[in-house]
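Worksheet: the structure to be examined is printed underneath.
Just so it is clear: chains get the letters A, B, ... in the order the sequence lines come, proteins before strands, and each one is counted from 1. Every heavy atom of this structure was used, including side-chain atoms; hydrogens, water molecules and symmetry mates were not.
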Protein chains: 2
Amino acid sequence: MTDNQIIKLSELKSHCQNCSLYDLCLPMGLKTGDLDSLDNVIKRRQSINKNNFLFRLGDSLKSVYAIRSGSFKTYLINTDGNEQIVGFSLPGELLGMDAIGENQHTCTAKALETSSVCEIPFDRLESLARDIPNLQHQLFRLLSKEIQQDQNLMLLLAQMPAETRLASFLLGMSERLSKRGYAANEFNLSMSRGDIANLLGMAVETISRLLSHFQENSLLNVERKHITILDMDKLRQLANHSAVNCSNSSQVS
Amino acid sequence: MTDNQIIKLSELKSHCQNCSLYDLCLPMGLKTGDLDSLDNVIKRRQSINKNNFLFRLGDSLKSVYAIRSGSFKTYLINTDGNEQIVGFSLPGELLGMDAIGENQHTCTAKALETSSVCEIPFDRLESLARDIPNLQHQLFRLLSKEIQQDQNLMLLLAQMPAETRLASFLLGMSERLSKRGYAANEFNLSMSRGDIANLLGMAVETISRLLSHFQENSLLNVERKHITILDMDKLRQLANHSAVNCSNSSQVS
DNA sequence: TAGAGTCGTTGATCTAGATCAAATTGGCAA
DNA sequence: TTGCCAATTTGATCTAGATCAACGACTCTA
């Protein structure tokens with residue numbers, strides 16, 4: 001690799017236009033000129049180590065964050081002091097929009113692995129949205145999509161048995177990851193069994209047992225965090241043909 | 001009542017400025033000039049009979065609706081064809097924002113009783129939001145508030161026992177109704193036991209038993225749909241000091 | 001590289017709340 | 001009014017999945 005190429009590479013990495021997540025992230029559907037405006041607003045790259053916080057419940061809203069790599073869990077703290085995970089976030093998703101209502105974050109976002117994000121100061125994003133109708137519409141879309149996702153998760157929690165919940169969760173992860181260019185049938189879960197259990201309203205033991213059970217039935221291959229989906233159709237059947245997108249963060253498409 | 005008064009009354013009823021829900025509804029925080037613009041956009045008054053639909057899953061997004069009187073339930077249909085209620089909506093709340101993401105409604109809104117709404121064409125609202133920064137911010141707030149509410153309901157569904165769920169639901173209804181000027185400790189539930197059970201992910205029988213139980217313990221007085229809260233503190237305790245706002249519609253404050 | 005702590009798995013038991021069954025009440029159409 | 005249907009209540013039973021318990025496997029630290 002020549003010096004020239006190296007320079008180009010670093011240049012590539014620093015603009016929305018050339019970001020590999022371009023069509024997943026906020027810029028989707030913006031015209032070139034508008035993209036430049038957005039580009040100017042974004043504070044690029046910030047690295048967060050595993051178990052560190054991107055923001056915490058109660059933090060005042062300064063920025064929203066586009067995830068470049070890694071993953072996060074977002075959770076509430078209930079009155080007993082326990083966490084309730086409300087979503088896992090993957091690259092290309094926008095995190096932190098929850099705070100707009102109260103001007104402060106209503107949940108905490110913790111890195112599940114070393115991750116990197118683009119920081120977007122919110123006040124500038126909001127004023128930019130007034131100048132770029134398309135961006136305003138995009139933001140409305142993101143928020144309303146998130147509501148839909150949460151509602152689907154509510155449905156799952158309110159009336160689906162454990163098996164359906166887990167199948168639906170795995171299917172959702174598979175779909176989201178495949179959108180990001182990863183294999184649909186083979187991936188690593190960055191979150192613990194406990195985190196999955198918490199999100200789905202079940203006990204860790206039940207998650208573990210179901211995974212073993214899925215493996216016995218040749219639906220999955222489970223090797224610690226590494227999941228291989230062997231029979232997608234069967235999994236879909238168990239999931240009632242509905243994959244939950246438990247992102248609790250905003251996805252464009 | 002003189003003719004003159006009648007005329008004035010009808011005039012009163014037809015403008016946001018004079019609506020009794022003024023400070024609950026969308027106009028909150030807008031300046032007089034901006035209010036006039038909003039006023040011009042609103043198609044006033046539409047009456048919906050019990051069990052009729054305000055919109056249905058799949059309908060294309062034309063308008064959002066501000067509830068003037070009555071109440072609605074909003075629900076999804078799961079893959080087995082069963083409904084999953086995601087919220088109940090009361091006067092002063094905005095219904096239909098769910099549709100922005102896909103440009104079509106992702107849930108169905110059905111009147112629980114004869115109700116009346118103000119219809120607000122969405123395209124005009126969106127363009128108005130670009131001209132009125134405060135309105136744009138207001139809309140962002142509404143959407144993000146709804147996300148918060150849904151997340152709190154998720155927490156309830158994922159980790160709280162039946163008793164806490166119902167107590168929290170009743171507390172939420174009480175709080176919302178009292179904001180609307182009704183008594184906090186005495187109200188009518190417009191939805192059936194079955195609807196409550198569905199929202200909270202429980203069986204009708206459990207709802208019924210718990211209500212009887214609450215009554216035995218002098219927490220409540222239950223007479224069919226009419227609920228009187230006798231011991232608010234105790235109810236709060238059972239609810240873990242968290243009231244779910246299961247509005248699935250947007251509330252300003 | 002030993003030791004401690006965390007995470008995951010598996011088995012045994014228990015229980016909150018579902019499901020099934022039946023009686024009671026109320027609302028409403030004819 | 002009567003009769004019917006839907007909603008609610010109450011009781012009896014059953015079960016999915018929680019909880020408790022014990023152990024094996026990884027991972028991090030020193």
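Mapping A:Gly201 and B:Glu205 onto DNA chain D by nearest heavy atom places B:Glu205 at the nucleotide closer to the 5' end.
B:Leu211 has its CG atom 13 Å from the C1' atom of D:dT10, to the nearest Å. D:dA16 atom C1' lies 15 Å from atom CG of A:Leu166, rounded to whole Å. For the pair A:Ile207 CD1 and D:dA16 C1', the interatomic distance rounds to 14 Å; values are reported in whole Å. One can place CD of A:Glu216 at 8 Å from P of C:dT10, the figure rounded to the nearest angstrom. Rounded to an integer number of Å, the gap from A:Leu189 CG to C:dG8 P is 10 Å. Put simply, NE2 on B:His213 is 12 Å from P on C:dA16, counting in whole angstrom units. Atom-to-atom, CD of A:Glu223 to C1' of D:dC26 comes out at 13 Å; the value is rounded to the nearest Å. When the C1' atom of D:dT9 is taken as reference, atom CD of B:Gln215 falls 12 Å away, rounded to whole Å.
Side-chain atoms of A:Arg209 come within donor-acceptor range of the base of C:dG11, with a qualifying N/O pair under 3.5 Å. In this model, no side-chain donor or acceptor of A:Arg193 finds a partner on the base of C:dT10 within 3.5 Å.
Salt-bridge formation is detected for the pair B:Arg236/B:Asp233: a Lys NZ or Arg NE/NH1/NH2 atom is positioned less than 4.0 Å from an Asp or Glu carboxylate oxygen. In this structure, A:Glu93 does not pair ionically with A:Lys179, as no charged nitrogen and carboxylate oxygen lie closer than 4.0 Å.
In this structure, B:Ser208 reaches the bases: a heavy-atom distance under 4.0 Å links it to at least one base atom across the strands shown. Among the heavy atoms of the strands lying under 4.0 Å from B:Ala162 are primed sugar atoms or P, OP1, OP2 only; no base atom is included.
At least one donor-acceptor pair under 3.5 Å links the side chain of A:Asp59 to the backbone N or O of A:Arg56.
Closest approach to the A:Ser192 side chain among C:dT19, C:dG8, D:dA18 is made by C:dG8 (side chain taken as heavy atoms from C-beta onward).
Note on A:Ser212: a side-chain N or O is less than 4.0 Å away from OP1 or OP2 of C:dT10. Checking the phosphate oxygens (OP1, OP2) of C:dA18, a side-chain nitrogen or oxygen of B:Thr206 falls inside 4.0 Å. OP1 or OP2 of D:dT8 lies within a sub-4.0 Å distance of a side-chain N or O belonging to B:Lys225.
Ring geometry, B:Phe55 versus B:His105: the interplanar angle falls under 30°, so the pair is classed parallel (tilted spans 30 to 60°).
Inter-residue side-chain proximity for A:Asn188 and A:Ile227 is flagged as unmet; no heavy-atom pair is nearer than 4.5 Å.
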